[in-house]
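Everything on this sheet refers to the single structure shown next.
Here is how names work: the chains are called A, B, and so on, in the same order as the sequence lines, proteins then strands, and each is numbered from 1. No experiment lies behind these values; they were computed from the predicted model shown.
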Amino acid sequence: MESMERELSRKLHKDYITVRRIRLCILSVVMTGVAVGYLWLAAVKDWTMIPGWSVIGLLVLNFVFEWWIVPKWRIEQYRYELFDEELEIKSGLIFITNLLVPMVRVQHVELETGPLLRKYDLAKVSVVTAAGTHEISGLKMEEARQLKRRIGILAKVDENDEE
Amino acid sequence: MMKNEQRLLHPFYLLISFLQLLKGFIPLFLLVVVRVKDWSKVSWYWYAGATVLMLCFLVLFVLQWRRHTYTLMENRLLIRKGMFIRDEKTIYYSRIHSVNIEQPIIHRVLGIAQVKIETPGGGNKSDGVLEALSMKEAERIRDQLLRFSNEARQQEEGVTELASNKDVAEDRELTSKLQSPIAVSEGGNSVENSKSLWQTKGAAAHTVFKLSAAQLVQAALTSLNFGLALAFLAGLYSIGNEVLPHILPEHFWENVVKGADVKVSSLALTIVIMVLIAIVVAWLLSILLYVLKYSGFMITRQGEQLSVSYGLLERKAYLFDPNKVQAVFVEEGLLRQAIGYAQVKLQLVTAGGQMQLVLHPFIKKASIQHLLDQVLPLFKLDGEAVYHPSPPKALLYYMRVPLLLTLVPIIVGIWFGEELGLLALILLPIVAFWRYRSWKNAGLLLEPKQLTLRSGGISRKTAIFRRRNIVIMRLHGSRRQRQRGLRTVAVQVLGMSAAQRLSYMSERDILPVWKWFERSHAQK
């Protein structure tokens, strides 16, 4: 039987896992701070401790999940490829989604990066269509730039083809 | 009418402004009526003051009316208004997206209309509105604006079209062939650029279809617009809750409850009866609302444009270009499935964003193809076609999660409501039936240029997409579903707020759809 689906070749960069983990640490520290603050206040004012402890419990679960499982699967499973006439993205951990965006439908492309992403020389490419924004986050700057340029050309070339 | 002539709105504009002012004062009136116990004690200067105030407003309105003008310039429409703050709005003909004639209830009583000129982007604020025009003038303005905007657009060739495939060219050819008698006369008009043309009426509108009174009643009887009706009832209830206590004797409800034997069984019976009454009332109400909304429904064609108008109290007319229709939806409610009728809706892109327009509120399923041939020749609905069904193994996925979710209210109901909670068990067969029907209805039909997705549990929805209109396509599926060869497909076109999904179809039937949408692959 012929393979029904074409394989997509491009992946996110491994450094993106590190970025996700750093983000996770920041979030966890902040949220734990809030929860501890609540616990302290609850102890003083004699309130119920349940919300504080349950938030801490959830944070621990979230941490374990995001630290080990998500990078292994969600990021390493992520695939994309830009063909001449369309962009295809395959993502998901258990529920897998394939997305197909024809180049004719692309309204514009954006390249974004933040302080954390920049530190690891990473960037995010957002492809905007009438049906929403589709992001590819965690590419090396150079690759992201190329991708953005190429989408720009492909989407534009088609517009000129009209005549 | 010539270009560059400054015109005023219909004098009834005064009346409309005045009524709007009064509307703003209603709370004050009510307050006064409630507060004043003895009208003879009110001093004369209150009356005098009120009269002077009203006169002031009247003068203000007259001045405002005199200063509210519109002018059709060479390449743009100019709307000027405002007494103290002058407001000038310029709308270039080439930017006009659509021109609609509307008749809100006051306009309808007075026999006048308002014209709304939509431009892309910017939302409602950027729209031009001519608040009061005579019917005749409104129609003339609309026809002229549309003609000017077509001319302007022809001059700016090449900017308008987005899609570029061969599909489009072929489609256009097909459309123009089918509309040739009208297209020719229109073409003649726009080529001749003489001023005498502006005095002639616009391309003769000819009626494609008109809903008869009998059809309207049938449609209303089978409409079952419970959502709208229930919202209306909820509104009534909240008003009633505030008003009733003042009318009914004290402890009325307590006595009613005490009078009844408050046993669980009788309470359950009361609930069932109440629900039944609510359903009947909602049904009657939905019939009434339906008749009000859709009476006088008709489709006309003006040149290449189609116009759909309807409404008894508030009359609305929507004008659109059939080439800009993004998708067609055929909806069959439960009652309508039994008698073989359906409602046809269109997905349009307007300045205000997405919009679904009813193309036909009540049509025999077998006649839909005929209607589409007449007005939207690009879309096909083959009544005989055999859809690919959802495979038997998918029934599990249709049932499992919804049934598990239904267990939650049931368990809660039994836990807290005890015997009464058992009533919640009714949900189980209802949900099972609904999901079974969803599975049964699921169907997919792939044609060279068109994808048809059929879905829905209680009411059945058939969505028709043309390949060139589809913006994105998604395939979903859990690992387990993929192993079992099941996939969910989701399709989105311009203007749709959420994707149209078709769940748990066989991979064998879905992957050809994916390949069909893949452009790069299609070329190899």
Is chain B contacted by the side chain of A:L93, its backbone, both, or neither, given a heavy-atom distance below 4.5 Å? backbone

Mind ranking A:L100, A:I94, A:V101 by heavy-atom pairs under 4.5 Å with chain B and telling me who comes out on top? A:L100

Find the one option among B:Q492, B:R479, B:H476 whose heavy-atom pairs under 4.5 Å with chain A are most numerous. B:R479

With a 4.0 Å cut-off, would you call A:R10 and A:E81 a salt bridge? no

Any idea which heavy atoms bring A:H108 and A:E110 closest together, and the distance? NE2-OE2, 3.0 Å

Non-neighbouring partners of A:K148 that pass side chain to side chain donor-acceptor pair (under 3.5 Å), sequence neighbours left out: none

Decide whether A:S137 and A:Y16 meet the rule of one side-chain donor and one side-chain acceptor closer than 3.5 Å. yes

Using a cut-off of under 4.5 Å for heavy-atom pairs, which of A:G92, A:A130, A:A131 has the most such pairs with chain B? A:A131

Of the backbone (N, CA, C, O) and the side chain (C-beta and beyond), which part of B:R480 lies under 4.5 Å from a heavy atom of chain A, both, or neither? neither

Electrostatic pair B:E331-B:K345, nearest N-O below 4.0 angstrom: yes

Hey, which of B:S478, B:A490, B:A498 has the most heavy atom pairs under 4.5 Å with chain A? B:S478

